[in-house]
Amino acid sequence: ESLETSSGVGVIASRGGNAKNSSSGIEGDNVEMDVGHPILPSINAVSNTALRLINDFNLPPFVTMSTKDSAPQLKLEDPPLMTTDNDGGNTNIRRRLVVKGAIRGYRMSRATHGVSNGCYYYEAIIGGGDNSNIYSGQKRPLHESSNQEEPSDLATKRQKTGHVRIGWSTRSGDLQAPVGYDASSYAIRDTGGSRIHKSRREDKWGGTEFGPGDVVGFAISLYSDNTAKSSTTVPSSLGLDSATIGGTNGVSNGMKADTPTGSHIRFFVNGKQVGDKAFDNITPGTYYPAVSCYSDASVKLNFGPHFVYPPNKGMQPVSDLCSVPPRPEDVLDTVLTTSTSKKVDERVVSAFKDLVKKESAIRRDAYLRHAAMQKKEILKLRTERGLSTHDLQDTVKAPIEQSVDECYASMHF
């Protein structure tokens with residue numbers, strides 16, 4: 001499921017060209033018409049609306065944190081993504097992958113896309129109170145976690161950097177409370193690596209503390225029935241001999257779900273699994289990546305497809321929950337195939353084609369640029385940590401696929 005309501009073919013295409021009856025604000029009554037027929041909106045109007053859907057209405061063509069599904073006290077930020085506008089210039093596309101706490105007290109933010117079936121994974125890079133590490137992803141200096149520090153110094157440090165609780169939540173989870181507060185969410189917290197569900201905290205389950213610069217991984221395995229999961233195994237690349245997906249053996253979390261399902265949640269810190277299953281037999285539902293920040297804490301989310309510490313091959317990146325926007329020409333083919341056969345003025349048809357291609361080109365361009373930037377970010381993070389980058393080197397500098405018709409400005413990264 002997704003908060004994204006656009007089908008990927010755009011407002012113009014999905015409405016079959018009936019733009020004047022649209023409530024999307026793209027009609028452009030007072031905008032100079034620069035298309036082939038006056039009954040259609042202008043190229044500028046369509047471009048502006050496509051950008052508004054991505055930015056103002058939080059419907060980007062990639063997974064991000066949702067402005068509609070976040071407590072208003074939290075700040076959703078990220079350096080903007082540059083994309084080509086209709087004049088060949090650059091336009092800011094918001095990515096919203098950084099969650100920052102603003103006041104005392106936990107609040108929650110959820111992602112735009114959720115998991116209802118299958119095995120999915122995402123990462124969270126923990127930032128400090130001054131956000132100095134949130135973009136670089138550099139590991140905190142060893143002296144910051146040294147046992148030689150006085151308890152009072154540790155307390156002061158934690159007060160300055162705030163706290164985080166991160167995990168998975170359904171939409172029923174209370175946004176004015178931390179992840180793990182009620183039956184609708186499951187969380188791990190930075191202090192002690194405690195796991196929390198229904199506000200019940202368990203400190204001695206095998207968790208490990210994490211802080212600024214650490215990369216925490218979150219894996220969820222959800223099953224619609226109990227028939228296929230018992231024999232499903234995948235090799236592990238995270239230090240485990242094997243990972244049985246959906247099995248019933250392992251350490252119970254002591255927190256029974258209403259219905260035994262075998263669905264479970266695992267956590268990882270800097271590439272190593274923490275304990276066994278943090279939560280087993282979790283309640284069925286659609287779960288979204290969820291973050292809670294206390295005070296001035298901050299977290300940067302990485303939904304994939306590339307990770308600082310890649311999970312085993314049995315897990316899909318959360319980014320796969322958002323389909324790749326089709327090429328403008330493919331969108332146009334779909335629209336023309338499903339449109340009415342009623343004879344229409346050729347000028348209207350030509351102008352309509354231009355609008356469909358323009359809107360779909362903006363969305364595809366935003367997706368391709370986000371994908372290229374995400375790969376570059378992971379390359380930087382791995383390089384800083386001395387990790388292998390062989391799977392990124394071959395394609396990180398490759399040009400983005402040309403997806404815009406010749407009648408429009410070239411859109412390359």
Side-chain angles (χ1 to χ4, degrees), residues 2-4 6 8 10-11 25-26 44-70 72 74-102 109-113 122-125 127 130-137 289 291 293 296 298-306 308 318-319 322 324-325 358-381 396-397 399-401 403-404 408-413:
S2 166
L3 288 177
E4 182 174 355
S6 174
V11 173
I26 62 175
N44 283 336
V46 169
S47 298
N48 291 336
T49 297
L51 294 172
R52 286 185 61 210
L53 287 174
I54 294 174
N55 289 335
D56 299 342
F57 292 94
N58 200 200
L59 296 175
F62 44 81
V63 180
T64 185
M65 299 307 289
S66 173
T67 56
K68 298 179 181 179
D69 212 16
S70 299
L74 296 175
K75 298 179 181 178
L76 303 184
E77 300 180 358
D78 211 355
L81 175 65
M82 303 304 293
T83 185
T84 306
D85 63 20
N86 53 288
D87 295 322
N90 288 328
T91 302
N92 289 340
I93 297 293
R94 299 305 307 273
R95 299 171 74 205
R96 294 188 176 94
L97 295 174
V98 174
V99 180
K100 295 181 180 180
S109 175
R110 286 188 286 264
T112 52
H113 295 66
Y122 76 95
E123 287 180 336
I125 303 169
D130 58 0
N131 299 315
S132 58
N133 291 328
I134 195 67
Y135 299 109
S136 69
V291 175
C293 293
D296 58 350
S298 59
V299 176
K300 182 176 182 180
L301 287 307
N302 174 28
F303 297 120
H306 306 287
V308 181
V318 166
S319 60
C322 185
V324 178
K358 181 60 180 179
E359 184 180 9
S360 56
I362 289 175
R363 291 190 62 81
R364 184 169 178 82
D365 180 63
Y367 167 81
L368 293 173
R369 291 174 186 277
H370 166 73
M373 184 174 290
Q374 195 266 346
K375 185 177 290 186
K376 289 184 178 180
E377 291 169 343
I378 298 305
L379 177 64
K380 181 176 184 292
L381 291 171
V396 70
K397 295 183 179 180
I400 287 181
E401 173 189 357
S403 62
V404 185
Y408 300 119
S410 174
M411 293 184 177
H412 61 276
F413 188 75

Counting C-beta onward and ignoring hydrogens, is there a side-chain heavy-atom pair between Arg369 and Ile93 closer than 4.5 Å? no
Would a 4.5 Å heavy-atom cut-off, applied to side chains only, mark Thr49 and Val46 as touching? no
To check you understand the geometry: which heavy-atom pair defines the closest contact between Ala124 and Leu301, and what is its length? CB-CD1, 4.1 Å
Residues Arg363 and Pro61: closest non-hydrogen pair is O-CG, 3.3 Å
What heavy-atom pair brings Val99 and Met65 nearest, and what distance separates the two atoms? CG2-CG, 4.0 Å
pair Asp78-Arg96: side-chain heavy atoms closer than 4.5 Å: no
Spell out, as yes or no, whether a donor-acceptor pair under 3.5 Å connects the side chain of Thr112 to the backbone of Thr64. yes
Distance in Å, Asp69 CG paired with Arg110 CZ, rounded so as to fall on 0.5 Å steps: 4.0 Å
So, for Val63 and Ser319, which heavy atoms are closest and what is the spacing to 0.1 Å? CG2-CA, 3.9 Å
Any idea which heavy atoms bring Gln374 and His306 closest together, and the distance? NE2-O, 2.7 Å
Mind checking whether Ser109 and Leu76 have side chains closer than 4.5 Å, heavy atoms only? yes
Supply the atom-to-atom distance Leu81 CG to Arg95 CZ, rounded to the nearest 0.5 angstrom. 6.0 Å
Determine whether Val299 and Cys293 make a side-chain contact, defined as any pair of heavy atoms from C-beta on separated by less than 4.5 Å. yes
Val308 backbone acceptor or donor facing Glu123 side chain under 3.5 Å: yes
Check: Asn92 main-chain N/O paired with Asn55 side-chain donor or acceptor under 3.5 Å: yes
Closest heavy-atom pair and its distance - Phe62, Arg94: CZ-O, 4.0 Å
Give, for atom CD of Glu359 and atom CG of Leu51, the distance between the pair rounded to the nearest 0.5 Å. 10.0 Å
Taking OH in Tyr367 as the centre, count heavy atoms belonging to other residues, nucleotides or ligands within less than 6.0 Å. Is the count above 12? no
Within-4.5 Å side-chain heavy-atom neighbours: Val324 and Arg364: yes
Hey, does Glu377 have a side-chain heavy atom less than 4.5 Å from the side chain of Ile125? no
